[in-house]
Number of protein chains: 2
Amino acid sequence: MPAASNQGPTHRQPVASKQQVVRGILRGLMEGLWRGGDRFTEASAVEKFGVSRTPVREALLQLQGLGLIELRRNCGAVVLPFGTDEVRELYAVRSILEVEATRLAASRIHRELVDQLMGEFTEIRARGEEDPDWRLDRTLHQSIAEASGNHRLLAEIFRYGDLVQAMREIVGERTSDIHTTSVDEHLAILEALREGDPEGASLAMKNHLDQASTSAIEAIQTLRS
Amino acid sequence: MPAASNQGPTHRQPVASKQQVVRGILRGLMEGLWRGGDRFTEASAVEKFGVSRTPVREALLQLQGLGLIELRRNCGAVVLPFGTDEVRELYAVRSILEVEATRLAASRIHRELVDQLMGEFTEIRARGEEDPDWRLDRTLHQSIAEASGNHRLLAEIFRYGDLVQAMREIVGERTSDIHTTSVDEHLAILEALREGDPEGASLAMKNHLDQASTSAIEAIQTLRS
DNA sequence: AACGCGTAGATTGTATACAATCTATCTTAT
DNA sequence: ATAAGATAGATTGTATACAATCTACGCGTT
């Protein structure tokens with residue numbers, strides 16, 4: 001018997017504690033549980049999530065790195081505002097990064113990759129399917145970020161992509177109606193990339209992210225209503 | 001300068017441990033102590049810096065957030081490449097953020113602030129002084145980022161500003177010759193901002209950061225030679 | 001009564017012990 | 001001899017105890 005094989009209330013997965021806290025606090029932020037300027041201590045998070053201080057501290061540091069809270073010496077965590085304005089700003093920064101990545105990618109991305117992605121999107125559209133877990137969407141953004149040729153830019157785009165994905169999943173826990181991924185917007189980006197048109201591709205990406213921003217703001221409002 | 005005034009082996013400042021590790025590893029990266037792909041364990045860092053695992057872990061998480069190392073479960077920290085290409089990419093991302101912030105700031109920044117900053121830069125230039133600790137430079141970049149009106153964009157610019165400042169200080173520990181801050185480049189930005197010219201200001205910022213990138217690359221090469 | 005100071009509580013920073021997991025080597029059966 | 005599996009070591013994930021620091025309240029002095 002190599003493993004204890006406990007069934008029933010299995011042992012807490014050690015690796016999940018930190019992400020559980022990150023998710024929980026992010027959910028609280030999105031639901032409007034705290035107002036900007038509110039403070040809470042490590043001890044309160046320990047009690048709320050039932051884990052020890054170590055994963056709580058690491059989770060708070062991660063959230064600070066994501067610009068969602070602020071940690072002050074011996075003063076607890078200060079919750080930063082998180083409303084429609086902040087979501088708009090988040091998508092604005094994401095747009096700055098991805099629009100520039102798209103501009104760079106236009107002259108570097110491989111045509112075969114563009115064709116393959118276009119095929120998958122058109123197939124999805126023909127079947128009337130939905131890409132419910134945003135797998136294709138993420139693949140597209142990731143492929144463009146990689147084609148930018150700047151590893152650090154790719155990393156920053158991933159940072160925001162992971163944050164947006166976490167927000168999507170939290171929204172999905174409550175509202176069954178997930179906004180349909182916009183295949184047409186994606187295809188517009190790919191068509192411009194296929195022609196090697198940096199301005200057209202970056203403009204199409206900007207339009208796509210503006211639409212995504214509006215959808216995200218509506219989702220937050222729905223979550224809080 | 002307050003001058004730390006460390007006398008004797010006073011009590012270890014509890015708050016300094018984590019930043020000491022961050023600084024030490026960042027210095028190692030800049031000096032080329034490790035090659036990209038090298039791995040080191042928490043235990044080795046504990047031994048190297050003489051602190052416990054807790055601040056080491058938090059330091060590694062911070063460095064991962066800065067995109068300098070990669071943490072893998074039970075596999076230690078993987079050092080990412082850090083050479084001239086990576087410094088160039090770092091400044092490219094910084095440029096993307098700050099150029100857009102400058103464009104946004106052109107129509108929002110207060111004229112009095114621009115005039116005040118121009119006064120301080122011209123005074124520095126008239127006196128032939130140097131702004132050795134980059135205080136004015138940081139004030140300018142911070143003021144522009146604030147004037148962008150996007151708090152998250154400001155935060156991201158701060159993230160890179162702090163990283164660049166830490167790199168400058170590490171370079172300064174070894175090489176007495178610090179590159180002179182380029183007053184003319186700063187004044188070009190401010191003059192365009194004063195006229196409310198978004199394209200001129202953002203172009204001047206891009207030029208300024210391109211020069212800074214070249215200087216940083218030269219500094220790294222000097223540090224390693 | 002107002003201000004300064006000191007002490008107690010609270011909170012975070014750090015160190016260490018324990019648990020879970022992974023990697024690599026060694027054994028064993030085919 | 002090769003490959004599959006088990007076992008031991010190493011490494012990270014988590015929990016807890018201790019140290020340092022900050023905040024706030026109460027006391028004493030002016």
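Here is the naming used below: chain letters follow the sequence lines, and residue numbers restart at 1 for every chain.
- In summary, Glu86(A) and Arg152(B) do not engage in a salt bridge, as defined by a charged side-chain N under 4.0 Å from a carboxylate O.
- If you measure from atom CZ of Arg72(B) to atom C1' of dC22(C), you get 12 Å, rounded to the nearest angstrom.
- When each of Ser52(B) and Arg39(B) is assigned the nucleotide of DNA chain C bearing its nearest heavy atom, the one mapping closer to the 5' terminus is Ser52(B).
- The CG atom of Leu60(A) sits 14 Å away from the C1' atom of dG13(C) (whole-angstrom rounding).
- Put simply, CZ on Arg73(B) is 14 Å from C1' on dA10(D), counting in whole angstrom units.
- Regarding Leu71(A), its CG atom lies at a distance of 8 Å from the P atom of dG13(C), rounded to whole Å.
- One finds no salt bridge joining Arg35(A) and Asp38(A) here, because no Lys/Arg side-chain nitrogen approaches an Asp/Glu carboxylate oxygen to under 4.0 Å.
- Contact annotation: Arg57(A) does not reach the phosphate of dT12(C) (side-chain N/O to OP1 or OP2, under 4.0 Å).
- Contact annotation for Thr54(A): base contact, defined as any heavy-atom pair under 4.0 Å involving a base atom.
- Looking at which nucleotide of DNA chain D each of Cys75(A) and Glu58(A) is closest to, the 5′-most match is held by Glu58(A).
- Under 4.0 angstrom from either OP1 or OP2 of dA15(C) there lies no side-chain N or O belonging to Arg53(B).
- In this structure, Leu61(B) places its CG atom 12 Å from P of dT12(D), rounding to the nearest Å.
- Atom CD in Gln20(A) sits roughly 16 Å away from atom P in dG13(D) (whole-Å rounding).
- Between Gln19(A) atom CD and dG13(D) atom C1' the separation is 13 Å, expressed in whole Å.
- Using a 4.0 Å cut-off between charged nitrogen and carboxylate oxygen, Arg94(A) and Glu89(A) do not count as a salt-bridge pair.
- Atom CD in Glu42(B) sits roughly 9 Å away from atom C1' in dG13(D) (whole-Å rounding).
- The existence of a salt bridge linking Glu31(A) and Arg224(A) is excluded, since no basic side-chain nitrogen approaches an acidic carboxylate oxygen closer than 4.0 Å.
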